[in-house]
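The structure appears right after this line, and notes come after that.
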Amino acid sequence: MRDALSPVLEAPRPAPSVKTMQAFVMYGIGRVGLMQKPVPEDPGANGAVIKTTHALICTSDTHTVGGAIGDRKDLTLGHEGVGIIYKLGREVHGFQEGDRVAVNAITPCYKCESCLRGFPSQCSQMLGGWKFANIKDGVFAEYFHVNDAQANLALIPPTVSPEAAVYACDMMSTGFIGAENANIPIGGTVAVFGQGPVGLMATAGARLLGAGLLIAVETIPRRKELARHYGADVVVDFKQQDPVATIRHLTDGSGVDSSIEALGAEHTFEAAIRATRPGGTISNIGYHGHGDYVGIPRIDWGVGMSDKVIRTALCPGGKERMRRLLRLLETGRVDPTPLTTHRFRFDQIEAAFQMMAKKQDGIIKPLILF
Ligand SMILES: [Zn+2]
Ligand SMILES: [Zn+2]
């Protein structure tokens, strides 16, 4: 994966006369902190600059700092942020400076061959739709730049709070694609492995799509509680029960129609394959950040002939996706805000980041207020 990603674009150094801002950066593998950077004043013809108001720290930010996608130098972290338009490129229509907008974590160009083939998350190259805090500065700064803004900005409806809208940037989009890709029949049986913030949104998505029996696998008490809140009928605590045996028992021995892997660990991926019935679908949204291979249990895979489908996805981005997610917030179908367990001011972000990296104090999502 490391080789497939582009080298980072170096951030320009601030000249003395340039207006500067605070940014929370990765200095290099394992090293983070606040630094001064120039405010991106020029949006470019097709871009926009957003004044950040709210952001969320993601576990994948901690993977990045750990070196999961290779080294980066002074790269601004963060890919879940909302704010108001500060500068708008002259070719960007339908928006005005001052509008409240949400921008997905994934910002495809919508012009390249991959985008035109219908795979915008794989824009230009594998995982290439992922630009923030990967190949360009991310959203943990007082201002951030958005590429291809016409396709990537979404207005936040007046009745939707920014605290809710910021969940559309990644948690809802990724969790819901996990459910959408799982091919859930109305009334079908679904297992969701892992009830972190993405897994919880996958549970909420499976419920919205009409799961008839929804089984969540989790051991942390607060997450188990939220799994029920978002629609799980049964929560299997893997420290007390064998999840695969329990899921088979709950489905008359056959396994579920659909499994969603929302953790990114080999044992849960294997369990998802075992717990899915022949002809069913295993939908992976977990970030497999370690090792060179992910194993498939050969016998439970029907020695390669079980009609079990394995699907993968990176968070779908773009304005139209965001509009639909924001509509769910507007109509109250989903409320992601119970995922916010902690709040920090931007100048406290390093403490929030360390807390997220170590998963301290029952943290699920820390909200950063600018
Ligand atoms: Zn994220
Ligand atoms: Zn593209």
Side-chain angles (χ1 to χ4, degrees), residues 59-60 171-172 174-185 187-278 280-290 294-297 300-301 308-313 336 338-339 341 359 362-365:
T59 300
S60 64
M171 298 299 97
M172 290 172 69
T174 301
F176 290 178
I177 195 66
E180 290 165 281
N181 275 352
N183 199 19
I184 298 167
T189 52
V190 181
V192 186
F193 290 83
Q195 295 290 289
V198 165
L200 287 164
M201 287 297 100
T203 297
R207 182 195 201 173
L208 286 169
L209 288 171
L213 174 66
L214 187 42
I215 305 163
V217 182
E218 180 57 64
T219 191
I220 299 170
R222 178 71 184 136
R223 295 179 182 211
K224 287 163 72 175
E225 224 174 88
L226 282 168
R228 289 189 189 280
H229 171 78
Y230 284 116
D233 301 292
V234 181
V235 181
V236 178
D237 186 330
F238 58 83
K239 289 199 173 157
Q240 291 168 12
Q241 296 161 289
D242 171 29
V244 174
T246 308
I247 290 165
R248 285 197 181 138
H249 176 73
L250 289 166
T251 52
D252 301 325
S254 65
V256 285
D257 295 304
S258 308
S259 282
I260 303 169
E261 204 285 355
L263 187 69
E266 192 156 357
H267 64 280
T268 43
F269 182 71
E270 289 182 18
I273 293 169
R274 291 200 177 96
T276 304
R277 69 193 306 176
T281 302
I282 298 100
S283 170
N284 184 85
I285 41 173
Y287 180 148
H288 293 265
H290 305 283
V294 176
I296 292 175
D300 292 285
W301 193 38
K308 293 188 187 184
V309 175
I310 298 173
R311 295 197 65 181
T312 67
L339 300 181
T341 48
K359 294 282 182 286
I363 198 163
I364 297 180
K365 285 297 264 189

Side chain proximity check, Pro336 to Met171, heavy atoms < 4.5 angstrom:
no
In terms of heavy-atom contacts, Gly175 and Ile285 come closest through CA-CD1, 4.1 Å
Return a table of donor-acceptor pairs under 3.5 angstrom between the side chains of residues 227-236 and protein atoms on other chains or two or more places apart.
from: Tyr230; atom 1: OH; to: Asp335; atom 2: O; distance (Å): 2.7
from: Asp233; atom 1: OD2; to: Leu214; atom 2: N; distance (Å): 2.8

Residues at least two apart in sequence or cross-chain that pass salt bridge (Lys or Arg N to Asp or Glu O under 4.0 Å) with Arg207, listed by chain then number, are none
Across all chains, not counting sequence neighbours, the side-chain contact (heavy atoms from CB on, under 4.5 Å) partners of Asn183 are Thr281
Salt bridge (Lys or Arg N to Asp or Glu O under 4.0 Å) filter on Arg223, not counting sequence neighbours, yields none
Value for CG (Asn284) from CZ (Phe193), rounded to nearest 0.5 Å, stands at 12.0 Å
I would like to know whether Val217 and Leu263 meet side chain to side chain contact (heavy atoms under 4.5 Å, CB included); could you show each step before the answer?
-> CA-CA 10 Å; Val217 182; Leu263 187 69; over 6 Å; no
For Thr251, the side chain to side chain donor-acceptor pair (under 3.5 Å) test, sequence neighbours excluded, returns none
Here the gap from Ser259 atom OG to Lys308 atom NZ, rounded to the nearest 0.5 Å, amounts to 8.5 Å
Shortest non-hydrogen pair, Ala182 vs Ile260, comes out as CB-CG1, 4.0 Å
For Thr174, the side chain to side chain donor-acceptor pair (under 3.5 Å) test, sequence neighbours excluded, returns Asp170
Practice prompt. Decide yes or no for Glu218 and Ile220: does some side-chain heavy atom of the first lie under 4.5 Å from some side-chain heavy atom of the second?
Written response: yes
Test side chain to side chain contact (heavy atoms under 4.5 Å, CB included), reference Ser283, set Asn181, Ile184, Ile310, output is Asn181
So CD1 of Ile296 and CD of Glu266: to nearest 0.5 Å the spacing works out to 10.0 Å
Sequence neighbours excluded, the answer for side chain to side chain donor-acceptor pair (under 3.5 Å) partners of Thr219 is Asp237
Residue pairs meeting ring-ring contact (aromatic ring centres under 6.0 Å, His included), one or both in residues 244-274, sequence neighbours left out, come to Phe269-His288
- Query: Does Thr189 reach the side chain of Ile215, with side-chain heavy atoms less than 4.5 Å apart?
  - Reply: no
Across all chains, not counting sequence neighbours, the side-chain contact (heavy atoms from CB on, under 4.5 Å) partners of Pro297 are Glu270, Ile273, Arg274, Asp300
Contacts of Tyr287 meeting ring-ring contact (aromatic ring centres under 6.0 Å, His included) (sequence neighbours excluded), chain-then-number -> His63
dist Thr268:OG1 -> Phe238:CZ (nearest 0.5 Å) comes out at 9.0 Å
Quiz: residues 194-202 side-chain donor-acceptor pairs under 3.5 angstrom, not counting sequence neighbours:
from: Gln195; atom 1: OE1; to: Thr203; atom 2: OG1; distance (Å): 2.9
from: Gln195; atom 1: NE2; to: Gly199; atom 2: O; distance (Å): 3.4
from: Gln195; atom 1: NE2; to: Thr203; atom 2: OG1; distance (Å): 3.0

* Does Glu261 use its side chain to pair, donor to acceptor, with the backbone of Ile282 at less than 3.5 Å? -> no
Residues at least two apart in sequence or cross-chain that pass side chain to side chain donor-acceptor pair (under 3.5 Å) with Glu225, listed by chain then number, are Arg222
